[in-house]
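This report concerns only the one structure given below.
Predicted model, so just to flag it, every value in this text is computed and none were measured.
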Amino acid sequence: MPSPLRPFYQKELSAYRTALGGGLLQEAWRHLERAHILGQPYPVEHTSVHWEMLQLGFRTRNLREIIGQLPRLLVGGIKSWAGMIPVGNTGGANVPPLRPMPIPDDLQQIMRSTQ
């Protein structure tokens with residue numbers, strides 16, 4: 001991940017942990033999705049977000065999320081490395097893993113400004 005982008009990615013992960021600590025599960029999940037969008041092109045960051053999503057699935061006893069994260073965890077980083085990611089995909093089991101999705105405007109701006 002380029003160093004100018006890293007603080008934005010870390011900010012989303014920090015916001016995730018804060019929301020999770022406060023019991024705000026929907027807000028926590030939203031920050032994981034945003035971290036996924038930012039980290040998706042980069043194998044380590046992409047895989048790390050899927051690990052966090054899997055852990056949250058266990059924490060909330062969400063079987064669908066657990067099952068959905070396992071293949072994403074195994075192949076997400078490889079797809080990033082190969083440049084075969086569905087841009088904008090939020091990474092959760094609630095969306096098809098190969099579906100490109102619109103990137104929120106603020107994240108688009110961040111991604112453009114840190115290239």
Side-chain angles (χ1 to χ4, degrees):
M1 173 175 277
S3 56
L5 183 57
R6 182 162 296 284
F8 297 99
Y9 171 80
Q10 292 294 338
K11 179 181 175 189
E12 293 298 336
L13 290 177
S14 179
Y16 155 69
R17 290 182 186 103
T18 299
L20 184 61
L24 304 171
L25 296 178
Q26 287 183 333
E27 183 178 335
W29 184 256
R30 185 178 68 82
H31 287 292
L32 273 184
E33 290 178 326
R34 291 170 58 83
H36 182 269
I37 292 167
L38 292 173
Q40 192 177 26
Y42 312 101
V44 171
E45 291 80 3
H46 189 183
T47 302
S48 295
V49 172
H50 283 298
W51 175 250
E52 294 291 342
M53 288 178 165
L54 177 63
Q55 288 182 300
L56 186 56
F58 278 114
R59 183 177 180 143
T60 59
R61 297 184 177 145
N62 183 334
L63 186 59
R64 180 177 182 213
E65 198 61 48
I66 294 166
I67 291 169
Q69 285 306 318
L70 290 173
R72 288 166 172 85
L73 185 60
L74 294 173
V75 300
I78 295 167
K79 291 184 87 56
S80 295
W81 178 78
M84 300 172 58
I85 58 165
V87 175
N89 187 290
T90 54
N94 60 329
V95 296
L98 301 177
R99 176 183 290 163
M101 298 172 74
I103 298 173
D105 292 340
D106 65 320
L107 295 184
Q108 282 184 37
Q109 186 176 0
I110 289 166
M111 293 165 79
R112 278 194 301 266
S113 71
T114 58
Q115 289 182 345

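The backbone N or O of Gln109 sits less than 3.5 Å from a side-chain atom of Ser113, completing a donor-acceptor pair. A donor-acceptor pair under 3.5 Å is absent between the side-chain atoms of Thr47 and the main chain of Val44, judged by distance alone.
Side-chain heavy atoms closer than 4.5 Å link hydrophobic residues (I, L, V, M, F, W, Y) into clusters, and following such links, possibly through other members, connects Ile37 to Met1. Cluster membership for Leu73 and Phe58, using ILVMFWY side-chain heavy atoms within less than 4.5 angstrom, is shared. Ile66 is connected to Trp51 through a chain of hydrophobic side-chain contacts under 4.5 Å among Ile, Leu, Val, Met, Phe, Trp and Tyr, so both are in one cluster. Transitive grouping of hydrophobic side chains (ILVMFWY, heavy atoms separated by less than 4.5 Å) brings Val87 and Leu32 into a common cluster. Both Leu13 and Leu107 sit in one connected hydrophobic cluster of ILVMFWY residues. Membership requires side-chain heavy atoms under 4.5 Å apart, directly or through other members.
More than 12 heavy atoms of other residues, nucleotides or ligands lie within 6.0 Å of CD in Gln108, so this atom counts as buried by the packing criterion.
For residues 56-67, no pair satisfies salt bridge (Lys or Arg N to Asp or Glu O under 4.0 Å), with sequence neighbours left out. Sorted by first and then second residue, the side-chain hydrogen bond (donor to acceptor under 3.5 Å, both in side chains) pairs with a member in residues 32-46 read Arg6-Glu45, Glu12-Arg34, Trp29-Glu33, Arg34-Asp106, His36-His46, His36-His50, His46-His50, His46-Ser80; sequence neighbours excluded. Within the structure, side-chain hydrogen bond (donor to acceptor under 3.5 Å, both in side chains) pairs that include any residue of residues 87-105 do not occur (at least two apart or interchain). Annotation: ring-ring contact (aromatic ring centres under 6.0 Å, His included) contacts involving residues 6-27, sequence neighbours excluded, are absent.
When every heavy atom of Pro97 is checked against every heavy atom of Pro86, the shortest pair comes out as O-CG, 3.1 Å. Taking every heavy atom of both residues into account, Thr114 and Pro2 meet most closely at O-CB, 4.4 Å. Annotation for Gly91 and Met53: closest pair O-SD, 3.4 Å, computed over non-hydrogen atoms. Nearest heavy-atom pair, Gly68 versus Ala93, reported as atom, atom and distance to 0.1 Å: CA-CB, 3.8 Å.
Listed by chain and residue number, Arg17 satisfy the salt bridge (charged side-chain N to carboxylate O under 4.0 Å, His left out) test with Glu52 (two or more places apart in sequence, or in another chain). A search for side-chain contact (heavy atoms from CB on, under 4.5 Å) contacts involving Ala15 returns His31, not counting sequence neighbours.
To the nearest 0.5 Å, the span separating CG on Leu25 from CG on Asn62 amounts to 10.5 Å.
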